[in-house]
Amino acid sequence: MSRMTAIRAAQAADIPAIRSMQERSMRVLGGKHYAPDNIAAFVEQFGTMDFAVVGEGHFLVATDQHGHLLGSGGWSRLAPGYQRGSGAASPPRDIATVRGVFVDPAAARNGIGAAIMRHAEADAAKHGISMLRLTATLSGVALYQALGYRETARRAIELGENLSFGCVDMEKPLEKRAASQPGGELLISQS
């Protein structure tokens, strides 16, 4: 797999590649923590993300020098599909949810997820977000802990037919700061 060379805002044209990469990541990287039936039921009921978040402008993709997608992630004020209908009150406008953070299995453990999260956090802070919350898959908990997110609850999303999907709710307060190069391609480099 090639090295990551850019993190940029996702476009509607990226959605098929994002979906494919995320589902592959869920099966391969998530497969170390979940049974195949649990993954299949979760993806069938909820997908890997609500692609409306791409239109909000805060969803990012990491690419290599050939433009191939290596990872995705961002933040949104929209409630994730697995939380809709839960009866929970909408959070204040300065609290947002991290969404759709996945890395292609062939590029995993190379800092791509952390780089996407750093860019997403900077963008969220620039837009007045003071707290990011997320629901981590079991395979993602270590990444978020390393980035300073703290666990607030462990729970299981019930999928029916005696299937459930374990996850960890986490959050992190953000410092107000300006994002570098807002709106365009955010070039990064890796040695």
Side-chain angles (χ1 to χ4, degrees), residues 1-30 47-78 80 94-137 139-149 170-191:
M1 179 66 57
S2 302
R3 279 196 334 246
M4 177 177 56
T5 58
I7 294 178
R8 62 171 174 79
Q11 305 298 314
D14 295 319
I15 291 174
I18 293 170
R19 179 180 289 122
S20 176
M21 181 275 300
Q22 289 179 340
E23 289 179 5
R24 188 171 53 258
S25 180
M26 179 76 90
R27 284 190 312 276
V28 175
L29 301 176
T48 52
M49 68 175 275
D50 175 357
F51 291 98
V53 301
V54 171
E56 286 183 285
H58 307 292
F59 195 75
L60 308 169
V61 293
T63 59
D64 68 12
Q65 66 269 26
H66 305 292
H68 298 120
L69 187 71
L70 302 178
S72 67
W75 64 274
S76 175
R77 288 187 173 104
L78 298 173
D94 67 332
I95 298 176
T97 305
V98 172
R99 304 284 295 275
V101 179
F102 291 90
V103 174
D104 188 297
R109 312 292 182 251
N110 287 303
I112 294 168
I116 289 169
M117 286 300 299
R118 283 191 298 274
H119 284 288
E121 289 172 359
D123 182 59
K126 177 185 155 226
H127 285 86
I129 301 299
S130 65
M131 173 81 68
L132 281 174
R133 292 182 175 155
L134 59 89
T135 300
T137 61
S139 54
V141 171
L143 166 69
Y144 299 118
Q145 287 174 332
L147 294 172
Y149 287 79
M170 304 179 89
E171 66 183 21
K172 178 181 180 178
L174 299 179
E175 294 180 24
K176 299 252 188 250
R177 61 181 184 239
S180 62
Q181 302 175 337
E185 188 168 44
L186 302 172
L187 295 178
I188 57 96
S189 62
Q190 283 196 322
S191 309

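Closest of all the heavy-atom pairs between G100 and S72 is O-OG, 2.9 Å. Shown here for L132 and E121, the closest heavy-atom pair between the two residues is CD1-CG, 3.8 Å. Contact detail for M170 and V141: the closest heavy-atom pair is CE-O, 4.2 Å. Closest non-hydrogen pair, A136 versus Y144, comes out as CB-CD1, 3.7 Å. The heavy-atom pair separating A125 from L174 by the smallest distance is N-CD1, 4.0 Å. Residue P16 comes nearest to A13 through the heavy atom pair CD-O, 3.6 Å, listed as atom of the first residue, atom of the second, then distance.
Distance CG/L70 to OG/S25: 12.0 Å, rounded to 0.5 Å. In this structure, the separation between CD on Q22 and CG on D104 is 11.0 Å, given to the nearest 0.5 Å. Separation of atoms CD1 (I116) and CG (L143) is listed at 9.5 Å; rounding is to 0.5 Å. Atom CG of L60 and atom CZ of R99 lie 13.5 Å apart (nearest 0.5 Å). The distance from atom CD1 of I15 to atom CE of M49, rounded to the nearest 0.5 Å, is 7.0 Å. Rounding to the nearest 0.5 angstrom, the gap separating the NE2 atom in H119 from the CD1 atom in I7 is 3.5 Å.
With sequence neighbours left out, the salt bridge (charged side-chain N to carboxylate O under 4.0 Å, His left out) criterion links E171 to R133, R150.
H127 places a side-chain N or O within 3.5 Å of a backbone atom of D123 that can act as its donor or acceptor partner. In this structure, T48 contributes its side chain and E23 its backbone to no donor-acceptor pair below 3.5 Å. With hydrogens and angles disregarded, a donor-acceptor distance shorter than 3.5 Å links the side chain of N110 to the backbone of A108.
Taking the side chain as every heavy atom from C-beta outward, V61 and R8 approach each other to under 4.5 Å. Under the 4.5 Å side-chain criterion, counting only non-hydrogen atoms from C-beta, D14 is not in contact with F59. L69 has its side chain within reach of I18: a pair of non-hydrogen atoms, C-beta onward, lies under 4.5 Å apart.
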Note to self: If you apply the rule side-chain contact (heavy atoms from CB on, under 4.5 Å), what do you find for L29 with F102, and how did you get there?
What the structure shows: CA-CA 9 Å; L29 301 176; F102 291 90; over 6 Å; no
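Considering V53, I95, I129 as possible partners of R77, the one that fulfils the side-chain contact (heavy atoms from CB on, under 4.5 Å) test is I129.
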